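Have a look at the structure below, then the notes.
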Amino acid sequence: MDLIWKYSYKNHNEKKQILLDVIDKCNSETIDTLQSNGDLISKTDYYQDVSRPYMNILLNDLEDFRQHLLNYHCCSSLKVVGSWFQQYYKNDIHNWHFHASCNLSVVYFLELDSFKDSTEFFDISTRKCFQIEDVKEGDIIVFPSLIPHRSPENKSEKRKSIISFNLNFGQVNMNLLPGGS
């Protein structure tokens, strides 16, 4: 699907350990609803009402990414409307879901052993599942929040760590549209 695109975070190697160290100090919990809805996430701060210092580090370093999103979507501003980290160990899974009340979802692969462990999407028009095959550690994927997606079962012996956040658009940037000013 051409609605999903990838951005390679140029400072990933420099920031990876810093971000992991900050995440290690964050309040977190395990989500184990494997029996009821199929989720097992070893470590996340999704339900924590806490500050997320890793977001400051990441967002302060992504001005070109933000500018690209603004131009591509012809909008005047973007607002982060939720952020969290998740760490998946062997056999962890986050079942099918989508993100309500937001325009875009973003996943940054802080630790990723193989694209096979990356986010899987469901194309509602073809009724087929797919992954972005060239995704690697250090990449960021962006997609409309209404696309069903999941983190498939982590088959790797290595931990997978992601930072995710949702975005809402501000006003349309009329300067980027025909006849606008």
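Hydrogens, waters and symmetry mates play no part in the numbers below; they use all other heavy atoms, side chains included. Everything numeric in this text was worked out from a predicted model, so none of it was measured. Residues take their numbers from the sequence shown, with the count starting at 1.
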Between [X] (side chain) and [Y] (backbone), is there a donor-acceptor pair under 3.5 Å?
X      : Y      : result
Glu120 : Cys129 : no
Asn154 : Tyr88  : yes
Gln87  : Ser42  : no
Ser76  : Gly170 : no
Asn95  : Asp39  : no
Tyr54  : Phe85  : yes
Ser51  : Pro53  : no
Asp21  : Ile18  : no
Arg52  : Val50  : yes

Stepwise, does the salt bridge (Lys or Arg N to Asp or Glu O under 4.0 Å) test hold for Lys90 with Asp117? CA-CA 10 Å; Lys90 186 172 174 96; Asp117 297 317; over 6 Å; no
Ring-plane angle category for His68 and Tyr72, please: parallel below 30°, perpendicular beyond 60°, tilted otherwise.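 Plane angle under 30°, so parallel.
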Which word best sums up how the rings of Phe65 and Trp5 line up, parallel for under 30°, tilted for 30 to 60°, or perpendicular for over 60°?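 Taking Trp5 first and then Phe65, their aromatic rings sit tilted (interplane angle of 30° to 60°).
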Within the 4.5 Å heavy-atom criterion, are [X] and [Y] side-chain neighbours or not?
X      : Y      : answer
Leu104 : His99  : no
Cys75  : Leu70  : yes
Ile162 : Leu112 : no

If you compare all heavy atoms of Ile141 against all heavy atoms of Val135, which two are closest, and at what distance to 0.1 Å?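 Taking Ile141 first and Val135 second, the nearest heavy atoms are CG2-CG2, 3.9 Å.
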Restricting to non-hydrogen atoms, name the atom on Asn168 and the atom on Ser101 that form the minimum distance, rounded to 0.1 Å.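 For Asn168 versus Ser101, the nearest heavy atoms are ND2-O, 3.6 Å.
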Would you say that more than 12 heavy atoms from the other residues, nucleotides or ligands in this model lie under 6.0 Å from the [atom1] of [X], or not?
X      : atom1 : value
Glu133 : CD    : no
Lys6   : NZ    : yes
Phe115 : CZ    : yes

For Val80, run the side-chain contact (heavy atoms from CB on, under 4.5 Å) check against Leu59, Asn166, Val106 and tell me which one passes.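 That would be Leu59; it is the only one of Leu59, Asn166, Val106 passing the side-chain contact (heavy atoms from CB on, under 4.5 Å) with Val80.
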Verify whether the ring centers belonging to His73 and Phe169 lie closer than 6.0 Å.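 Judged by ring-centre distance (under 6.0 Å), His73 and Phe169 do meet the cut-off.
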Quick check on the 6.0 Å ring-centre criterion: do His94 and His149 meet it?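 No: the rings miss the under 6.0 Å criterion.
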Would a hydrophobic clustering, with Ile, Leu, Val, Met, Phe, Trp and Tyr connected at side-chain separations under 4.5 Å, put Leu40 with Ile31?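 No.
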Only one of Lys160, Lys16, Arg159 passes side-chain hydrogen bond (donor to acceptor under 3.5 Å, both in side chains) with Glu111; say which it is.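 Exactly one option meets the side-chain hydrogen bond (donor to acceptor under 3.5 Å, both in side chains) with Glu111, and it is Arg159.
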